Amino acid sequence: MPKTKYIFVTGGVTSSLGKGIISASLANLLQARGLKTTIQKFDPYINVDPGTLNPYEHGECFVTDDGAETDLDLGHYERFLNVRTSQANNVTTGRIYQSVIEKERRGEFLGKTVQVIPHITNEIKERMQLLGSTGDYDVVITEIGGTVGDIESLPYIEAVRQLRWELGRDNCIVIHLTLVPYLSAAAELKTKPTQHSVKTLMESGINADVLVCRTEHELLDEIRNKLALFCNVKREAVIQSIDADTIYDVPLLMLEEGLDRVVLDLLSLPDNLEPDLTKWKAFLSRYKNPKHHIRVGLVGKYVELQDSYKSILEAFIHAGAVNEVKVDVVSIHSEHLTPKNCTSKLKGLHGLLVAPGFGSRGIEGKITAIQYVRENNIPFFGICLGMQMAVIEYARNVIGLKDANSTEISEDTSHPVISLMDEQKEVENKGGTMRLGAWDCKLTPNSRVHEIYQKDAISERHRHRYELNNAYLDQLSSHGLKATGINPETGLAEIVEIDAHPWFVGVQYHPEYKSTVLAPHPLFSSFVQACSQYAKTNK
Ligand code: GLN
């Protein structure tokens, strides 16, 4: 392989067309043909990373092993490719400007006026080629966030235009994802928005090589021919992306449409091997043919927006497929849960997951829900804030420490069972300062988690400031809530569990980030199995 090939994916007409899924699906097909492929995302907003964004703004913040707080599309990349991403895979305008301004302060521009072209575009181009320059990849797919024509996307589009000249057309192509809307009054699919969007791209000097058209109805030949004619692309490079039952169908739909073939041809890459999708298809078949359904409650405070808990929902899909059950996730708003309505709201559930989160809103609802499932022997899984709330609930209702709390919620509680580590007390900035990324954890022999992971030591990703206060470990343990995973470096408790309960596990880390289609997370698989068991015995 002579050198890395670059594929850029831009979006037109509207946002939310699913550039991330198209990029991940194409990457999946190229990977299944034996090409080493990675995906990166360039976001045009000015936040240095999405770590400071409210989930309502931008959905979940995905965390990588190296501790980067990134766009949720990186989660899709990992789930589709089963390979790890890193800070280099997600760049924002804020990060680009921060770096250019730091260089300017160091005098690196030697007295020149610092401008969008060439300084900002050079920084963008350098980062666009960073992963490619490692020599680790045959293909780098870059998703450009936002919609073509937005003011903030312009420097990225300009950088792509320049790169196409520098690298040559058979090393660098552009896929444009657009919408072909159906007007029911006219009973017709309309190509005009796509034509305009392609024209907007052309005004920036870029001719799209491939059009991927999101549509609710089949694109007939006539429409495909028209799009090819008006938009300067080959007829076979007009790809239909019709609404699918599941995002995991998209690679197969793209294969049927020949997206991978068109791309290989444009990039002068050999097209002699069929993609091997055996395992992917096996997953789909298990996922689509469940033997039974289970209902799992997801208690959180951002439940109005599904994207807030993206990785958790996807991890349930992977774990469901392993167990051949369909997991129906029932969203429960923690703010609306009270001791009075708890029984009616949680009735009929076969398991409960209490989600991660920040701040005090909805906290008491989470604690109430945990008490209910603990006392009623319903499988419980607490993640990060969910684990912290399980510790508080236990301290209050089993040990009898009535005002036990986290210092995040109540700074002057007399029983700070969850508290801030000393290093965190000095922290002033909010961005990038939590305990982030992969940390090691030693598992206690003979514990439930040891049995689940089948390992003595694990590494999982974190994103939090507060910790289980070690001063309470002995008391918790003697009352039955045991710390069964400890960070060997800091001695911090990462896992708690109750022996005398069918399945009660709280983890300080985020297992959902590491669940992929081909490697479902063992904790999710085991939790779903316990919920299925509960469903069988509690019909
Ligand atoms: N707010 C809690 C902390 O910072 C939990 C964070 C989370 O759930 N990700 O420790």
Side-chain angles (χ1 to χ4, degrees), residues 49-65 67-70 72 75 298-303 305 307-313 315 334-335 352-367 369-370 380-393 395 404-411 413 416-439 441 460-470 472 483 485 487 490 492-496 505-515 523:
D49 61 44
T52 53
L53 287 172
N54 185 314
Y56 288 132
E57 284 283 314
H58 209 66
E60 165 190 280
C61 171
F62 186 79
V63 179
T64 54
D65 275 339
E69 297 178 278
T70 71
L72 58 76
L298 171 65
V299 180
K301 68 169 176 179
Y302 311 110
V303 289
L305 187 75
D307 274 358
S308 310
Y309 303 113
K310 196 78 205 155
S311 295
I312 291 178
L313 297 177
S334 51
E335 257 188 312
L352 191 81
L353 187 147
V354 175
F358 294 86
S360 56
R361 189 164 65 91
I363 286 298
E364 293 301 326
K366 290 187 172 177
I367 295 174
I370 296 170
F380 164 77
F381 194 4
I383 298 185
C384 208
L385 186 69
M387 173 265 204
Q388 298 178 351
M389 293 305 112
V391 172
I392 295 172
E393 192 278 319
N405 217 330
S406 160
T407 52
E408 181 180 9
I409 322 288
S410 159
E411 258 187 74
T413 167
V417 289
I418 306 294
S419 63
L420 216 50
M421 280 186 306
D422 285 341
E423 299 93 283
Q424 281 289 339
K425 289 186 182 145
E426 274 103 66
V427 168
E428 279 176 10
N429 278 353
K430 288 263 185 280
T433 55
M434 285 187 252
R435 175 143 89 102
L436 289 166
W439 287 77
C441 173
E460 293 277 8
R461 299 180 193 171
H462 291 244
R463 183 176 187 247
H464 56 101
R465 284 186 208 286
Y466 296 83
E467 307 282 351
L468 202 172
N469 184 344
N470 275 352
Y472 290 88
N487 177 280
T490 58
L492 290 167
E494 315 281 39
I495 307 174
V496 291
V505 177
V507 292
Q508 185 57 81
Y509 50 83
H510 292 261
E512 71 275 21
Y513 292 144
K514 283 177 79 167
S515 182
L523 278 179

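One-based numbering, in listed order, for ligands and for the atoms of each. Every value quoted in this text rests on a predicted model; they were computed, and no experiment measured them.
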task = Give the contacting part of E408 toward ligand 1: side chain, backbone, both or neither, where contact means a heavy-atom distance below 4.0 Å.
result = side chain
query = Hey, is ligand 1 close enough to H464 that some N/O pair sits below 3.5 Å?
reply = no
query = Where's the contact between R463 and ligand 1, heavy-atom distance under 4.0 Å: side chain, backbone, both or neither?
reply = backbone
message = Counting only nitrogen or oxygen atoms and a 3.5 angstrom limit, does R465 reach ligand 1?
response = yes
inquiry  = Between N469 (side chain only) and P416 (backbone N and O only), is there a donor and an acceptor less than 3.5 Å apart?
reply    = yes
task = Check each atom of ligand 1 against the heavy atoms of C384 and keep those under 4.0 Å away; list them by number with element.
result = 5 (C), 6 (C), 7 (C), 8 (O), 9 (N)
ask   = If you measure from each heavy atom of M434 to ligand 1, is any distance below 4.0 Å?
value = no
query = Considering only protein heavy atoms, which is closest to atom 10 (O) of ligand 1, and at what distance to one decimal place?
reply = Y466 N, 2.9 Å
task = Give a yes/no verdict on whether any heavy atom in Q388 is under 4.0 Å from an atom of ligand 1.
result = yes
note = Atoms of ligand 1 under 4.0 Å from any heavy atom of P356, numbered from 1 in the order shown, are 7 (C), 8 (O), 9 (N)
task = Kindly confirm or rule out an N or O of G357 lying under 3.5 angstrom from an N or O of ligand 1.
result = yes
ask   = Does E408 pair with R465 as a salt bridge, N-O distance under 4.0 Å?
value = no
key: Check: Y466 main-chain N/O paired with Q388 side-chain donor or acceptor under 3.5 Å   = yes
ask   = Near H510, which atoms of ligand 1 are under 4.0 Å from a heavy atom of that residue?
value = 9 (N)
query = Does an N or O anywhere in G359 fall below 3.5 Å from an N or O of ligand 1?
reply = no
query = Is the backbone of A438 close enough, under 3.5 Å, to the side chain of Y509 for a donor and an acceptor to pair up by distance?
reply = no
Shortest non-hydrogen contact from P356 toward Y309 = O-CE2, 4.1 Å
query = Under 6.0 Å from the NZ atom of K425, do we count more than 12 heavy atoms belonging to anything else shown?
reply = yes
request  = If the plane angle is over 60° it's perpendicular, under 30° parallel, otherwise tilted; pick one for H464 and H462.
outcome  = tilted
task = Answer yes if the side chains of S334 and R361 hold a donor-acceptor pair under 3.5 Å, and no otherwise.
result = no
